[in-house]
Amino acid sequence: MSFAVSLPPHGAFAAWRDAARRAISHRLVPSEIDWSGQGGLFAALPLPEGMGSHEARVPAAFVKLAGSVIWHSDPARHGLLYEALWRLDHRRGNPLSQADPLGRRLNLMAKAVGRDIHKMHAFVRFRELPAPLPSQTRRRFAAWFEPEHNTLEPGSAFFVRRFSDMDWMIATPRLTARFDAGKLGFHPGGARPDLPEDASESLWATYFANIFNPARVKLDAMRSEMPKKYWKNLPETRLIPDMLKDAEARVARMQAATATAPRPGSAPVSTRYRAAMPVAPDLPETLAEAEAAAQQCRRCGLCEAATQTVWGSGAAAARLMLVGEQPGDREDLEGRPFVGPAGQLLRDVMAEAALDASTVWLTNAVKHFKFTPRGKQRLHQNPSSQEIQQCRWWLRLELAFIQPQLVLALGATAAFALTGNDAPLGPRRGTVETGLHGGPVLVTWHPAAILRQKDAQSRDEMKAALCRDIAIAQRQLSTAGPTA
Ligand code: URA
């Protein structure tokens, strides 16, 4: 082995691609390059300067595969990719095919990276940090995560899109991503904080506050905030007690604000979440403002594990509003209601009933996904009656802005959220009740309940009933005439 390449801890794909292009342009064979950057038994040289005379042409599929495999944790990844590049260049079989041992290995690596990124998007759990200065208006969040592969860098774009109006940090053992004032940067990773599994929010917040902004040091305040046994892994030079003092003042301000400015129609909020609620005493004035406010919602604990608030979507002037239970796995990741399997069934039935889906407003009674992790999956859990009641605040706002002539309650959760009546759904299906907002609510099956039916006959019957109810809703709207 005569050449050694050392790649940076981030920006690895561009760096590998440049090095590989240079190496192939000098016609270096795979066995001549040590990608670990350490050199072999013999003194290793850096790659030759500048480009050589040969230019390799590779299919776009290789660039795509390499752009994924590069984030795998296998130390052999750079060499394997170069071997594939070299074979493509020399037309030695098809190293991208599943039938080729190298192709199979690379494809498996790409799949593992994809799964790892998906897990990160689903399971990163942000904690809000106190603002370092009272004048700071951007909210700050931080999370600790341990990906299996080097996926923080490719996975960060998702968080930039989702949380572009906040400052946030995701710390991992290898790398830390920080999004500060609209700019994403990468910094070295760190050791896992020495906190117990069930560490309280304030311990986590203190830990993150320390590494978010290594600015000021005052140990006494730190000692009083976090028991000493928890900070043996924390470099004391990074403690920021002034931030902690600010946090207290901020929480007190928030508590005062929420105590003196109760929102009309809001149910009592548990003490634990009251301090974290948005303090704006005014009601949102537009649907867009309501959605932006809902994105910050902390009225119940569901916001802690869900990826995001899933607000309604569709026609803001809709005469018909369809309310489901809560977002599922897909909806939670995509941020839109009814984009998963139940949504597909609902859209099929709407089409069958000749209802144009683009004319309705689709939403859910509960705006965060409630789930329990099971292996790689997140299993749906029914929202509790308290969670439904907390979220009714947002449903009422949606009703107030959309002002539908008729609401279709899909399933028992939606029916309870809309009417306050939690009687079993079966006898109520197909009937119209009066909603808490004063308007008519037609009660029907939830599409997910149809999908859960084991026998085809029940499935078909329930689907036909949902289709009939949607047709009834259509008829009611047409007899009511156009809205003013
Ligand atoms: N089920 C629901 O109730 N809502 C969705 O958005 C998706 C599935």
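As the structure lists them, so they are numbered: ligands from 1, and atoms in each ligand from 1.
Within ligand 1, counting atoms from 1 as listed, the ones closer than 4.0 Å to a heavy atom of Gly324 are 3 (O). Near Pro337, meaning under 4.0 Å from one of its heavy atoms, ligand 1 places the atoms 6 (O).
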Mind listing the side-chain donor-acceptor pairs of residues 151-163 below 3.5 Å, one per line with the distance, residues two or more places apart or on another chain?
| residue | atom | partner | partner atom | Å |
| --- | --- | --- | --- | --- |
| Thr151 | OG1 | Asp116 | OD2 | 2.7 |
| Glu153 | OE1 | Gly11 | N | 3.1 |
| Glu153 | OE2 | Gly11 | N | 2.9 |
| Ser156 | OG | Leu152 | O | 2.7 |
| Arg162 | NE | Gln308 | OE1 | 2.9 |
| Arg162 | NH2 | Leu333 | O | 2.6 |
| Arg162 | NH2 | Glu334 | O | 3.4 |

Which donor-acceptor pairs under 3.5 Å do side chains of residues 59-70 form with protein atoms, sequence neighbours excluded?
none

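Scanning all protein heavy atoms for the shortest distance to atom 6 (O) of ligand 1 gives Phe338 N, 2.8 Å. The protein atom (non-hydrogen) at minimum distance from atom 4 (N) of ligand 1 is Asn364 OD1, 2.6 Å. Annotation: atom 8 (C) of ligand 1 to nearest protein heavy atom, Gln326 O, 3.9 Å.
Using modelled atom types and a 3.5 Å distance limit, the side chains of Glu325 and His380 yield a donor-acceptor pair. Residues Ser458 and Lys454 bring no donor and acceptor atom of their side chains to less than 3.5 Å of each other. With 3.5 Å as the limit, one finds a donor-acceptor pair spanning the side chains of Gln457 and Glu461.
Using a 4.0 angstrom heavy-atom cutoff, His446 counts as in contact with ligand 1.
Both the backbone and the side chain of Glu325 come within 4.0 Å of ligand 1, judged by heavy-atom distances.
Taken to the nearest 0.5 Å, the CE atom of Met462 stands 11.0 Å off from the CG atom of Asp469.
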